[in-house]
K.L.:
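My structure is below; once you've seen it, I'll send some questions.
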Amino acid sequence: MKYKLTDKMYQLKKSAMAENTLLARQNLKLGGKIINFASGYPAEEALNEKMVQKYLNLVMEEHGKEILQYGPHAGYQRLRDTIKAIQKSNGKYVEDKDGIIVTFGATEALGLIVHAIINPGDRIIVEEPTYCNFVGMARLYGAELVGVPFEEDGVNIERLEDEMKRGVKLFYTIPDFHNPTGMTTGQKKRRAICELAKKYGTLVIEDDPYGHLRYEGKRLPSIKEMDNDGYVIYVRSFSKLISPGLRIGYIIAESELCDKLAKLKGLTNNAVCSIAQYVLDEILSNENIELLVDGMISLYQRRLTTMIESIKAYWSPEISYFHPSGGMYLWAGLPTCVSQSDFCKRAARELHVPVTPGDDFYADNRENCQMIRLNFVREKENEIQEGIELLGDLASKMMR
């Protein structure tokens with residue numbers, strides 16, 4: 001059967017992250033193992049299955065068939081109230097005019113916003129590099145993507161304003177422990193982004209999936225906290241905090257926009273699973289979330305330290321890298337004498353150590369990208385050390 005799909009469906013391709021992981025699996029010998037630095041997964045040790053089971057049993061006993069029904073498009077009201085209270089308790093101000101929509105993780109949140117706002121031909125600014133799935137979504141809806149360099153303290157503000165002057169629909173940013181670089185936007189630049197949004201009437205999507213994973217320094221106020229005029233749409237997820245399997249994220253934006261997004265959600269998937277929402281609300285209401293976060297930070301900080309120390313021990317000084325102060329990813333640059341594409345394929349095929357090539361994170365799909373992204377939280381410390389040593393040996397061979 002020859003299916004006649006829309007033109008945009010032929011633009012879709014499997015991510016390099018998935019391709020390299022698949023390549024590692026296909027070439028794995030019996031009894032072998034994969035050390036996966038390519039994934040976006042949290043550590044399994046950070047997932048508390050007993051806690052989830054406890055509250056699943058509780059909500060089944062207390063709510064019965066109620067949680068087996070459809071729920072409101074915007075989400076379970078009690079969970080939305082709980083999220084708002086948590087935001088306020090953490091100093092993240094939520095205005096009375098703001099609404100909250102519960103979504104299937106941050107991915108659906110971004111998809112709803114893109115679907116609702118972007119028309120074919122709209123100019124969209126993204127940080128260069130940026131989250132590859134957002135790039136794919138925006139392209140799917142016909143956006144003209146404009147990349148602005150992301151520096152160690154955030155996006156280049158001068159270039160950002162130059163592009164805003166030319167007229168853009170929105171700007172997408174990941175200020176805390178940026179994906180893929182792990183870098184953080186400084187407070188001065190956050191303020192500047194907020195002021196530019198107001199000056200040029202540009203919407204800002206502030207994506208914050210990793211903000212709770214800070215290992216060094218103090219929390220910086222979100223751009224949303226600085227916005228009194230409704231230009232910033234804030235997106236967050238519980239996937240990296242409680243469980244990716246629950247698939248719960250949320251949007252905070254002015255109620256008028258949230259009402260429109262809820263109607264769109266009603267047409268696409270109706271509502272997030274009621275069972276997951278009730279369970280999450282009980283967890284957030286009854287557990288010490290700060291204690292959960294502290295345990296996760298302690299685990300991830302050890303693994304980041306292991307990766308950094310292993311890089312220093314086993315990698316050539318010609319391989320550059322950025323030391324993040326939080327999040328899940330380390331961004332490294334291979335020397336120009338090494339083909340990044342060949343390195344990533346050989347790492348997966350020969351070493352069974354997949355890493356993510358940096359190409360997909362750029363709006364212009366640059367062909368000569370030398371960057372790679374490594375997840376430092378998923379694997380145990382001994383496997384991190386082993387994997388980094390193997391990658392270092394491969395790079396040295398290719399450099400020779």
K.L.:
Between Tyr172 and Glu206, is there a side-chain donor-acceptor contact under 3.5 Å, judged purely by atom types and distance?
P.N.:
no

K.L.:
Is a salt bridge present between Glu379 and Arg303, judged by a nitrogen-to-oxygen distance below 4.0 Å?
P.N.:
no

K.L.:
Quick one: list whatever passes side-chain contact (heavy atoms from CB on, under 4.5 Å) with Thr21, sequence neighbours left out.
P.N.:
Arg25, Asn36, Ala38, Pro354

K.L.:
According to side-chain contact (heavy atoms from CB on, under 4.5 Å), who are the partners of Tyr3, at least two apart in sequence or on a separate chain?
P.N.:
Met1, Leu5

K.L.:
Got a sec, which hydrophobics cluster with Met17, joining ILVMFWY side chains under 4.5 Å apart, including via others?
P.N.:
none

K.L.:
Would Arg378 and Glu44 pass as an ion pair if we require N to O under 4.0 Å?
P.N.:
no

K.L.:
Using a strict cut-off of less than 4.0 Å between a Lys/Arg side-chain nitrogen and an Asp/Glu carboxylate oxygen, indicate whether Glu151 and Arg159 qualify as a salt bridge.
P.N.:
no

K.L.:
May I ask whether Phe150 and Phe134 are part of the same hydrophobic cluster, defined by side-chain heavy atoms of I, L, V, M, F, W, Y residues being less than 4.5 angstrom apart, directly or through others?
P.N.:
no

K.L.:
Under the rule for salt bridge (Lys or Arg N to Asp or Glu O under 4.0 Å), what residues qualify as partners of Glu287, not counting sequence neighbours?
P.N.:
Lys54

K.L.:
Quick one: pull up CD1 in Ile388 and CD1 in Ile311 and give me the separation to the nearest 0.5 Å.
P.N.:
4.5 Å

K.L.:
Under 3.5 Å, sequence neighbours excluded: what are the donor-acceptor pairs made by side chains of residues 317-334?
P.N.:
none

K.L.:
Do you see a donor-acceptor pair shorter than 3.5 Å between the side chains of Glu225 and Tyr234?
P.N.:
no

K.L.:
If you measure from the Lys or Arg side-chain nitrogens to the Asp or Glu carboxylate oxygens, is any gap between Arg78 and Glu282 under 4.0 Å?
P.N.:
yes

K.L.:
Using the salt bridge (Lys or Arg N to Asp or Glu O under 4.0 Å) criterion, which residues pair with Glu386? Sequence neighbours excluded.
P.N.:
Lys33

K.L.:
For this output row, return yes or no: ring centroids of Tyr55 and Tyr278 closer than 6.0 angstrom.
P.N.:
no

K.L.:
Any ion pair linking Asp207 and Arg236 (charged N to carboxylate O, less than 4.0 Å)?
P.N.:
no

K.L.:
Is it true that the side chains of Glu108 and Asn269 contain a donor and an acceptor less than 3.5 Å apart?
P.N.:
yes

K.L.:
With no hydrogens and no angle check, just 3.5 Å: does a side-chain donor-acceptor pair link Asn133 and Tyr131?
P.N.:
yes

K.L.:
Taking NZ, NE, NH1 and NH2 as the nitrogens, is one of them in Glu163 or Arg166 under 4.0 Å from a carboxylate oxygen of the other?
P.N.:
yes

K.L.:
Salt bridge between Arg190 and Asp176, side-chain N to carboxylate O under 4.0 Å?
P.N.:
yes

K.L.:
So, taking the atom named CG in Leu261 and the one named OG in Ser255, what distance separates them when rounded to the nearest 0.5 Å?
P.N.:
11.0 Å

